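Note that the structure is predicted; figures quoted are calculated from it, not measured.
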Amino acid sequence: MDTNTQILQELVEAVNRPDWWTIGITSAITIINATIMVWLGWRQYKLQKQQTYAQEYNTYRQLYILISSANNEIDGFLFNLNNALWAPRYNIDKEYLKRQLTHLDRLRKDLSDSYVDYELKFPHEPFNKNGYYQILSLMARIIHQTIISIEKGEVIIAEGTQRFAYPEGDMDKAYAVAIAKHFKDGFLAGALIQNFEMFIEQKQVLRCNDKFLTKIRERCKID
């Protein structure tokens, strides 16, 4: 047997040895396990990223809805209250003010519960959370007093078409005066005027601007 033949035979015998196959199988299993671990790690990362996205999206969406809802209630408060004391509207929906009171109470609670989120997400934004709570509380008190006065027969539910003039930019004041005229008790009407003046002042100072809402809406788009 020549040298080349001997070397070839030794190679064949080495390959056929059990320990060679063991090494090969072990290496293959190691590679497969490593591949699986990499895949599982990547999948876990993707799942965590999706969960984080969902949590962040829901937080910003809730903040946006709450502030938008509060702004809408503040903007339409005097108009809606005056409209609620107009006979055609009142006769169709006599429970409107009670539902509105419940809505304001829930909105105040939701805003209060979300204060931590505001502070964490927008630590440098000039958002007056206490001011929002105060103005919504004032609105709730006015509606509550109106409901009590209606039940006592102390409120005149207006008939016919309502018309009133107002200087440019003073629509809120015109509505405030119109609402107060529905109340038979002059002292109560005067107290309401004072509350309305306080409301108008707070509204001008506290209402969140659209830029802040836009910023919140943009935060819903998370890369």
Side-chain angles (χ1 to χ4, degrees), residues 44-85 89 93-151 171-172 175-176 179 191-223:
Q44 181 66 24
Y45 167 76
K46 294 291 289 184
L47 288 174
Q48 290 177 347
K49 188 174 181 179
Q50 290 174 354
Q51 291 173 353
T52 300
Y53 173 86
Q55 293 171 354
E56 292 290 292
Y57 174 83
N58 289 333
T59 298
Y60 286 117
R61 180 176 181 275
Q62 181 68 8
L63 296 180
Y64 182 84
I65 291 174
L66 286 175
I67 294 182
S68 296
S69 181
N71 282 349
N72 290 334
E73 293 302 329
I74 293 170
D75 288 344
F77 175 64
L78 293 175
F79 171 82
N80 291 331
L81 181 55
N82 182 64
N83 197 37
L85 303 180
R89 168 64 184 275
D93 188 4
K94 295 182 179 181
E95 300 299 314
Y96 167 76
L97 290 177
K98 292 182 179 180
R99 290 201 313 275
Q100 189 67 3
L101 181 60
T102 300
H103 174 63
L104 288 175
D105 289 339
R106 183 171 60 251
L107 184 57
R108 283 188 300 165
K109 181 181 182 304
D110 291 342
L111 281 170
S112 180
D113 292 342
S114 300
Y115 282 171
V116 174
D117 290 331
Y118 286 113
E119 293 173 351
L120 290 176
K121 303 300 181 182
F122 303 96
H124 304 298
E125 291 294 333
F127 177 70
N128 191 338
K129 57 183 181 295
N130 293 327
Y132 260 77
Y133 191 87
Q134 290 172 2
I135 194 172
L136 292 173
S137 298
L138 176 60
M139 292 161 61
R141 289 198 304 271
I142 292 173
I143 291 179
H144 183 256
Q145 180 59 58
T146 302
I147 293 172
I148 292 175
S149 297
I150 290 175
E151 292 174 347
M171 182 181 292
D172 282 346
Y175 278 128
I179 295 169
L192 283 172
I193 286 292
Q194 292 181 349
N195 284 331
F196 289 141
E197 290 175 349
M198 186 185 305
F199 165 79
I200 293 171
E201 181 180 352
Q202 291 181 355
K203 174 184 175 181
Q204 294 172 346
V205 175
L206 298 171
R207 187 192 181 283
C208 184
N209 59 44
D210 293 335
K211 290 183 179 179
F212 186 46
L213 288 175
T214 300
K215 182 174 293 187
I216 296 177
R217 187 170 61 246
E218 289 174 348
R219 293 290 185 89
C220 290
K221 302 174 183 178
I222 303 174
D223 297 329

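In this structure, the side chain to side chain contact (heavy atoms under 4.5 Å, CB included) partners of S68, at least two apart in sequence or on a different chain, are Y64, L213. Evaluation of the side-chain hydrogen bond (donor to acceptor under 3.5 Å, both in side chains) rule for E73 yields Q100, H103 as partners, not counting sequence neighbours. Looking at residues two or more places apart in sequence or on another chain, you find a salt bridge (charged side-chain N to carboxylate O under 4.0 Å, His left out) between K109 and D113. Checked against side chain to side chain contact (heavy atoms under 4.5 Å, CB included), A84 has the following partners two or more places apart in sequence or in another chain: Y96, L97.
Between A70 and L107, the closest heavy-atom pair is CA-CD2, 3.7 Å. Of all non-hydrogen atoms in L78 and D172, the two that sit nearest each other are CD1-O, 3.4 Å.
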Stepwise side chain to side chain contact (heavy atoms under 4.5 Å, CB included) check, F196 with L81: CA-CA 11 Å; F196 289 141; L81 181 55; 4.0 Å; yes
Derivation of the side chain to side chain contact (heavy atoms under 4.5 Å, CB included) call for K203 and D75: CA-CA 8 Å; K203 174 184 175 181; D75 288 344; 3.8 Å; yes
Which donor-acceptor pairs under 3.5 Å do side chains of residues 137-147 form with protein atoms, sequence neighbours excluded?
unit_1, atom_1, unit_2, atom_2, d
S137, OG, R108, NH1, 2.9
S137, OG, Y133, O, 2.7
Q145, NE2, S149, OG, 3.1
T146, OG1, I142, O, 2.8

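A donor-acceptor pair shorter than 3.5 Å cannot be found between the side chains of N83 and Y175.
A heavy-atom distance below 4.5 Å is found between the side chains of L111 and L136.
Here side chain to side chain donor-acceptor pair (under 3.5 Å) pairs that include residues 191-201, with residues two or more places apart or in two chains, number zero.
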